[in-house]
Amino acid sequence: MIKPGHVKSYHIITFGCQMNAHDSEKLAGILQAKGYEATDDADTAGLVVFNTCCIRENAENRALGHLGYLKHIKAHRPGLVVAVGGCMPQMEEGHARLKKSGVVDIFFGTHNLHTFGELLDESLTTGKVDKILAEYDNSPETEVPTVREFAWKSGVNIMYGCNNFCSYCVVPYVRGRERSRKPADIIREVQNLAVDGVTEIMLLGQNVNSYLGTDDGCDSVDFPALLSYIARLKPGLERIRFMTSHPKDLSPELIKAIAEHKNICKHIHLPVQSGSDRVLSNMNRSYTRADYLSLIGDLRRSIQDIAITTDIIVGFPGETDEDFAETLNLCKEARFSGAFTFIYSKRSGTKAAEMPGEVPGEVANARFKVLTDLIHPMFLDYAKTFKGKVVGALAEKLENGIYTGRTESNHPIHFPAKQDGGGLLGKIVAVTVTQAKTFYLTGELVEEITDGN
Ligand code: 5AD
Ligand code: SF4
């Protein structure tokens with residue numbers, strides 16, 4: 001156990017998406033290779049690293065709030081090293097807001113996370129380090145060691161960056177242009193994870209459907225081909241997920257790949273953002289409401305029981321009551337099993353930030369409530385379809401005699417342990433669903449199953 005205040009102890013605080021969560025595993029890998037040890041306690045750590053998000057203003061505000069708290073600790077313990085990296089300092093405005101806190105020793109961005117070890121060494125000799133690169137200098141990203149947060153599940157980057165420039169979104173500015181990793185590198189990483197006892201992987205990219213990997217001397221490999229190849233690997237993975245899919249690039253080949261392979265989870269996260277064609281066009285999403293609905297029709301016809309989740313933004317500039325009503329109607333038609341809902345957040349540097357027709361805060365808040373009041377009962381209805389059925393659940397956590405896992409549809413599920421002393425962790429087990437709630441299920445263990453889902 002590491003002693004409180006040990007200079008070589010670190011604590012990482014992560015904000016934002018799965019990509020950031022995986023980047024934090026890389027930061028942990030870099031630090032452990034340098035002899036640092038993890039601690040759960042930010043108050044006593046020698047080094048605190050913030051891996052930040054800037055997709056919405058409240059993500060930035062939360063990071064700034066935490067930094068304010070650290071300022072107080074640093075006043076008593078000046079030896080504390082504070083590093084802030086990732087998306088927020090990558091944007092000028094975010095960087096300036098962070099700088100104002102006066103507590104940060106090391107700034108790094110999204111394009112030089114893999115050199116964090118060197119930046120840390122530099123700061124230990126020179127004091128402050130502030131290095132944000134405008135773009136990645138050596139594509140695709142250099143491999144770094146990772147320390148997994150969970151023994152049995154892992155993210156795997158397949159591509160970085162985004163070319164879509166949805167008008168509200170900062171990601172293309174902070175993560176740069178799309179860069180696909182080589183198929184051989186991805187496959188080697190996946191195989192090593194399988195050998196290392198990993199049960200479930202999540203293939204990660206801002207838009208996995210536009211993956212196009214090339215190896216020297218070979219034809220390029222697209223996402224459905226990569227996914228199918230990974231699904232067939234031996235020794236293989238019991239569960240494969242991927243995130244995020246852009247509806248404009250979701251091909252019939254991908255639908256076929258999901259349908260064909262038992263170990264590809266029958267769940268897709270397919271952000272729709274709005275149900276209004278006018279808003280979708282202003283968002284630069286490159287599909288219409290009809291395209292989206294037809295796509296999910298194809299998914300449902302080809303893949304039995306596929307669970308579809310989405311992201312929805314309300315209060316986009318110029319969104320009228322009629323546009324919003326279209327979003328509500330789309331939700332009624334789409335039968336989502338879950339959704340992340342957001343109030344539009346103006347991000348400077350994006351096209352939408354310059355658009356007229358700002359929706360007043362109280363209107364956006366009211367629409368948000370109407371939307372969630374509509375969709376939450378729909379999620380409950382969806383969850384109820386599992387009642388009495390036996391589902392496969394990957395047991396992820398055991399606390400107070402209760403396991404928490406995830407179903408193939410990505411619903412959290414809680415079920416009491418039998419006298420197994422945690423032996424089911426990391427395994428896919430059969431659970432009879434006894435209760436369905438809006439955001440989770442509860443159940444009773446049936447027996448262990450190991451042949452996938
Ligand atoms: N305001 C609100 N939500 C946003 N998202 C991205 N940018 C913004 C923004 N400026 C949402 C989108 C995206 C998800 C990851 O975050 O719904 O799919
Ligand atoms: Fe942002 Fe659009 Fe790229 Fe997703 S696809 S990261 S919403 S620009």
Side-chain angles (χ1 to χ4, degrees), residues 14-23 52-62 86-88 90-91 93-94 110 157-180 202 204-211 223 242-250 268-276 279-287 291-292 308-319 324 327 330-331 334 336 338-355 357-359 361 363-365 367-368 371-372 375:
T14 309
F15 299 89
C17 62
Q18 304 272 350
M19 193 75 87
N20 263 18
H22 190 48
D23 281 349
T52 60
C53 169
C54 63
I55 200 142
R56 283 171 293 276
E57 196 183 349
N58 57 10
E60 295 200 349
N61 291 344
R62 273 188 293 130
C87 296
M88 191 172 166
Q90 193 67 42
M91 290 297 272
E93 198 175 302
T110 50
N157 289 118
I158 64 164
M159 59 184 302
Y160 304 93
C162 182
N163 290 350
N164 291 315
F165 289 94
C166 300
S167 62
Y168 50 80
C169 185
V170 285
V171 168
Y173 304 94
V174 293
R175 294 270 177 182
R177 296 293 66 70
E178 286 180 1
R179 309 173 291 283
S180 292
M202 165 91 81
L204 295 172
Q206 305 297 346
N207 176 15
V208 290
N209 296 334
S210 66
Y211 173 84
F223 184 57
F242 55 88
M243 181 125 148
T244 291
S245 289
H246 193 305
K248 80 178 164 60
D249 300 312
L250 196 151
I268 191 161
H269 186 66
L270 198 63
V272 65
Q273 315 296 5
S274 168
S276 150
V279 173
L280 284 171
S281 160
N282 289 340
M283 285 178 163
N284 193 28
R285 289 292 289 177
S286 311
Y287 55 83
D291 295 337
Y292 186 90
I308 303 174
T309 53
T310 200
D311 292 342
I312 301 168
I313 299 176
V314 300
F316 184 80
E319 182 189 70
F324 177 60
T327 298
L330 180 132
C331 291
F336 296 119
F340 295 111
T341 45
F342 307 105
I343 293 177
Y344 168 73
S345 172
K346 183 173 174 176
R347 307 280 65 206
S348 62
T350 61
K351 283 246 166 67
E354 310 301 322
M355 287 181 186
E358 192 167 324
V359 175
V363 175
N365 283 328
R367 285 183 190 161
F368 186 83
L371 175 66
T372 50
I375 60 181

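One-based numbering, in listed order, for ligands and for the atoms of each.
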Number the atoms of ligand 2 from 1 as they appear, then name those within less than 4.0 Å of a heavy atom of [X], with their elements.
{"X": "Pro172", "answer": "8 (S)"}
{"X": "Val171", "answer": "1 (Fe), 6 (S)"}
{"X": "His246", "answer": "5 (S)"}

N/O/S atom of Cys166 inside 2.8 Å of atom 3 (Fe) of ligand 2, strictly under: no

Heavy-atom distance under 4.5 Å between the side chains of Phe336 and Leu330, does that happen here? yes

CZ/Phe340: more than 12 non-hydrogen atoms of other groups inside 6.0 Å: no

Would one find more than 12 heavy atoms of other residues, nucleotides or ligands at under 6.0 Å from atom NZ of Lys248? yes

For [atom], what's the nearest protein heavy atom and its distance?
{"atom": "atom 5 (S) of ligand 2", "result": "Asn164 ND2, 3.4 Å"}
{"atom": "atom 4 (Fe) of ligand 2", "result": "Gln206 O, 4.4 Å"}
{"atom": "atom 7 (S) of ligand 2", "result": "Tyr168 OH, 3.4 Å"}
{"atom": "atom 3 (Fe) of ligand 2", "result": "Cys162 SG, 2.2 Å"}
{"atom": "atom 1 (Fe) of ligand 2", "result": "Cys169 SG, 2.3 Å"}

Atom pair [atom1]/[atom2] of [X] and [Y] - distance to nearest 0.5 Å:
{"X": "Cys162", "Y": "Arg177", "atom1": "SG", "atom2": "CZ", "value": "7.5 Å"}
{"X": "Thr327", "Y": "Leu280", "atom1": "OG1", "atom2": "CG", "value": "7.5 Å"}
{"X": "Tyr168", "Y": "Arg285", "atom1": "OH", "atom2": "CZ", "value": "4.0 Å"}

Ligand 1 N/O to protein N/O, distances under 3.5 Å:
unit_1: ligand 1; atom_1: 1 (N); unit_2: Ser345; atom_2: N; d: 2.9
unit_1: ligand 1; atom_1: 3 (N); unit_2: Arg56; atom_2: NH1; d: 3.3
unit_1: ligand 1; atom_1: 5 (N); unit_2: Arg56; atom_2: NH1; d: 3.3
unit_1: ligand 1; atom_1: 10 (N); unit_2: Tyr168; atom_2: O; d: 3.0
unit_1: ligand 1; atom_1: 10 (N); unit_2: Ser345; atom_2: O; d: 2.8
unit_1: ligand 1; atom_1: 16 (O); unit_2: Arg56; atom_2: NH1; d: 2.9
unit_1: ligand 1; atom_1: 17 (O); unit_2: Gln273; atom_2: OE1; d: 2.6
unit_1: ligand 1; atom_1: 17 (O); unit_2: Gln273; atom_2: NE2; d: 3.4
unit_1: ligand 1; atom_1: 18 (O); unit_2: Gln273; atom_2: NE2; d: 2.9
unit_1: ligand 1; atom_1: 18 (O); unit_2: Asp311; atom_2: OD2; d: 2.6

Going by distance alone, is a donor N or O of one side chain under 3.5 Å from an acceptor N or O of the other, for Ser274 and Glu319? no

Hey, what's the ring geometry for Tyr287 with Tyr292, parallel, tilted or perpendicular (30° and 60° as the breaks)? tilted

Between Ser167 (side chain) and Lys351 (backbone), is there a donor-acceptor pair under 3.5 Å? no

Thr244 (side chain) donor-acceptor with Asn207 (main chain) under 3.5 angstrom: no

If the contact criterion is a heavy-atom separation under 4.0 Å, does Arg175 count as touching ligand 2? no

Taking all non-hydrogen atoms of both residues into account, name the closest pair between Val170 and Ile55 and its distance. CG2-CA, 4.0 Å

For Met283, which part has a heavy atom under 4.0 Å from ligand 2: side chain, backbone, both, or neither? neither

